[in-house]
There are 2 protein chains.
Amino acid sequence: MTDRLIWQRLEEGNYRLTQQRQAVLDVMKENRGRHLSAEEVLAEARKKAPNLGIATVYRTLDKLSSFEVLYKMVFDEGKYRYEICEDEHHRHHHVICLSCGQIIEIEEDLLSKLEKHLEGKGFEVVDHQLIIYANCPDCKKKVKK
Amino acid sequence: MTDRLIWQRLEEGNYRLTQQRQAVLDVMKENRGRHLSAEEVLAEARKKAPNLGIATVYRTLDKLSSFEVLYKMVFDEGKYRYEICEDEHHRHHHVICLSCGQIIEIEEDLLSKLEKHLEGKGFEVVDHQLIIYANCPDCKKKVKK
DNA sequence: CCCCTATTGATAATGATTATCATGTTTGAT
DNA sequence: ATCAAACATGATAATCATTATCAATAGGGG
Ligand SMILES: [Mn+2]
Ligand SMILES: [Mn+2]
Ligand SMILES: [Zn+2]
Ligand SMILES: [Zn+2]
């Protein structure tokens, strides 16, 4: 997601970029493609804004998600994770390795057929989330040995 | 999932069916296709076993999930939900209505192509979870008015 | 510089889940 | 049947992520 587009969305939302919010946003931009928890964001952002509190991190992550600058997602560990949006795309998909916990992304969108089917039945599809549980190639090899 | 198969799995796991566990399992069987939280299960199961404690409910739901008698799943409300497994199938898919919160199931499996692709790349696919966020036909009509 | 409002950080509160522990129940050997 | 060991239970405390509260602060427009 380009800085220009981010800026536009914050503008529309009347959202002032304070030092703290800037720090959080910068951390997210420096971690494109990663999926950070609030605590992880706090740890990184404190390098830029040492007194930053966890409450501000939560507030900022939620607000940025509501502006669709971030995705807020949940795997199955009982906590939320956040990632900076990339434009154009629908939410992309995640493969989680059951051995090493690594999260790998896939861009293929084979869901349009399914979504068309639902729209034919009167649904209005807004978004989707697909998680595939797998053993990644490395872990698959290790297990085989 | 047939009683016979459930029985077989508990057997394999050396899992004795106490009154409390039976109560929990019965609630799950009486609610095929629904997605219950631990508290919801507790409320129902207490009709059968009045002194049942929440700890036993959690213990039982987790154990039954580990035997693949139940699915343990997470949407994005910060809590787990459980549903009795149906055989044959891979995990099925869920549509959540963003207006009324209703959960609708879909059986179509259009993910095999994607999973084949991943297996070609060396992954071993174990399971997947697909959630589609939508407005259901009823809510779509209401919003339009 | 001053007022007003938005923002912040510390901390308390909440809600779901898990851990602990004393008590009760079942099992299987005698 | 008796008894010890293993298992299971319910109450309750502990934990963890998240949200709410609130007094102190910052900063922009006059
Ligand atoms: Mn991602
Ligand atoms: Mn289901
Ligand atoms: Zn791996
Ligand atoms: Zn609806």
Side-chain angles (χ1 to χ4, degrees), chain A residues 9-28 34-67 69-83 101 103, chain B residues 9-28 35-67 69-83 101:
Chain A
R9 296 199 178 166
L10 302 187
E11 193 83 320
E12 283 166 11
N14 270 58
Y15 193 65
R16 185 148 45 95
L17 264 190
T18 63
Q19 285 179 42
Q20 292 91 330
R21 292 169 180 177
Q22 186 68 251
V24 168
L25 179 56
D26 284 348
V27 167
M28 298 311 296
R34 297 193 57 212
H35 310 84
L36 304 177
S37 66
E39 285 294 345
E40 287 167 350
V41 173
L42 177 68
E44 280 304 303
R46 275 196 168 153
K47 295 177 185 168
K48 303 164 196 290
N51 298 324
L52 183 61
I54 186 68
T56 298
V57 172
Y58 275 110
R59 282 188 287 244
T60 306
L61 291 174
D62 273 2
K63 241 343 193 273
L64 293 178
S65 300
S66 80
F67 296 150
V69 166
L70 302 181
Y71 283 140
K72 180 178 184 177
M73 69 200 90
V74 62
F75 302 136
D76 57 1
E77 346 144 83
K79 71 170 94 165
Y80 293 108
R81 294 190 167 273
Y82 303 80
E83 175 186 13
I103 298 171
Chain B
R9 297 200 178 165
L10 301 187
E11 193 84 320
E12 283 165 12
N14 269 59
Y15 193 67
R16 186 146 43 95
L17 264 191
T18 63
Q19 287 180 41
Q20 293 88 332
R21 291 170 182 178
Q22 186 68 251
V24 169
L25 180 55
D26 284 348
V27 167
M28 298 312 295
H35 310 84
L36 304 177
S37 67
E39 286 293 345
E40 287 167 348
V41 173
L42 177 68
E44 280 305 303
R46 275 195 167 154
K47 295 178 186 168
K48 302 165 198 287
N51 298 324
L52 183 61
I54 185 70
T56 298
V57 172
Y58 274 110
R59 281 188 288 244
T60 306
L61 291 174
D62 272 3
K63 247 327 195 287
L64 293 178
S65 299
S66 81
F67 296 150
V69 167
L70 302 181
Y71 284 139
K72 180 179 184 178
M73 70 201 88
V74 62
F75 302 136
D76 58 359
E77 344 144 85
K79 71 171 94 165
Y80 293 108
R81 294 190 168 272
Y82 303 82
E83 175 185 15

Close side-chain approach of B/E83 to B/L36, heavy-atom, < 4.5 Å: no
- prompt: What nucleic acid atoms does B/N14 come within less than 4.0 Å of, heavy atoms only: base, sugar-phosphate, or nothing?
  reply: nothing
query: Do any pairs count as a salt bridge (charged side-chain N to carboxylate O under 4.0 Å, His left out) and have a residue in residues 52-64 of chain B, sequence neighbours left out, and if so which ones?
result: B/D62-B/K72
- prompt: For the pair made of CG in B/D62 and C1' in D/dT9, what is the distance, rounded to whole Å?
  reply: 16 Å
- request: Kindly say if A/Y58 contacts the phosphate of D/dT19, meaning a side-chain N or O under 4.0 Å from OP1 or OP2.
  value: no
Residues from residues 36-48 of chain B lying under 4.0 Å of DNA chain C - heavy atoms: none
message: Rounded to whole Å, how long is the line connecting atom CG of B/L17 with atom P of D/dA8?
response: 11 Å
- prompt: Would one find a side-chain N or O of B/T18 under 4.0 angstrom from OP1 or OP2 of D/dA8?
  reply: no
query: Do A/Y15 and A/L64 have side-chain heavy atoms sitting under 4.5 Å apart?
result: yes
- prompt: With nearest nucleotides of DNA chain D determined for B/Y15 and B/I54 from heavy-atom distances, which residue corresponds to the more 5′ nucleotide?
  reply: B/Y15
statement: Taking every heavy atom of B/L52 against every heavy atom of B/A45, the minimum-distance pair comes out as CD2-CB, 3.4 Å
query: What string of B, S and - do you get for nucleotides 22-30 of chain D 5' to 3' if you count protein non-hydrogen atoms under 4.0 Å?
result: -----S---
message: Could you check whether any side-chain heavy atom of B/T60 comes within less than 4.5 Å of a side-chain heavy atom of B/T18, counting everything from C-beta outward?
response: no
query: Out of A/K48, A/R46, A/K47, which residue meets the side chain to side chain donor-acceptor pair (under 3.5 Å) rule with A/E44?
result: A/K47
- line: Residue set satisfying ring-ring contact (aromatic ring centres under 6.0 Å, His included) with B/Y58, at least two apart, ordered chain then number -> none
task: Answer yes or no: is there a donor N or O on one side and an acceptor on the other, between the side chain of B/R21 and the main chain of B/R16, under 3.5 Å?
output: yes
- prompt: Closest nucleotide of DNA chain C for B/Y82 versus for A/A55: which of these residues is on the 5' side?
  reply: A/A55
field: All ring-ring contact (aromatic ring centres under 6.0 Å, His included) counterparts of B/Y80, not counting sequence neighbours
entry: none
field: Residues A/R81 and A/E77 bridged, charged N to O under 4.0 Å
entry: yes
task: Could you tell me whether the side chain of A/Y82 reaches within less than 4.5 Å of the side chain of A/V41, counting heavy atoms only?
output: no
message: Of all nucleotides in DNA chain C that come within under 4.0 Å of a heavy atom of chain B, which is furthest toward the 5' end and which toward the 3' end?
response: C/dA16 to C/dT27
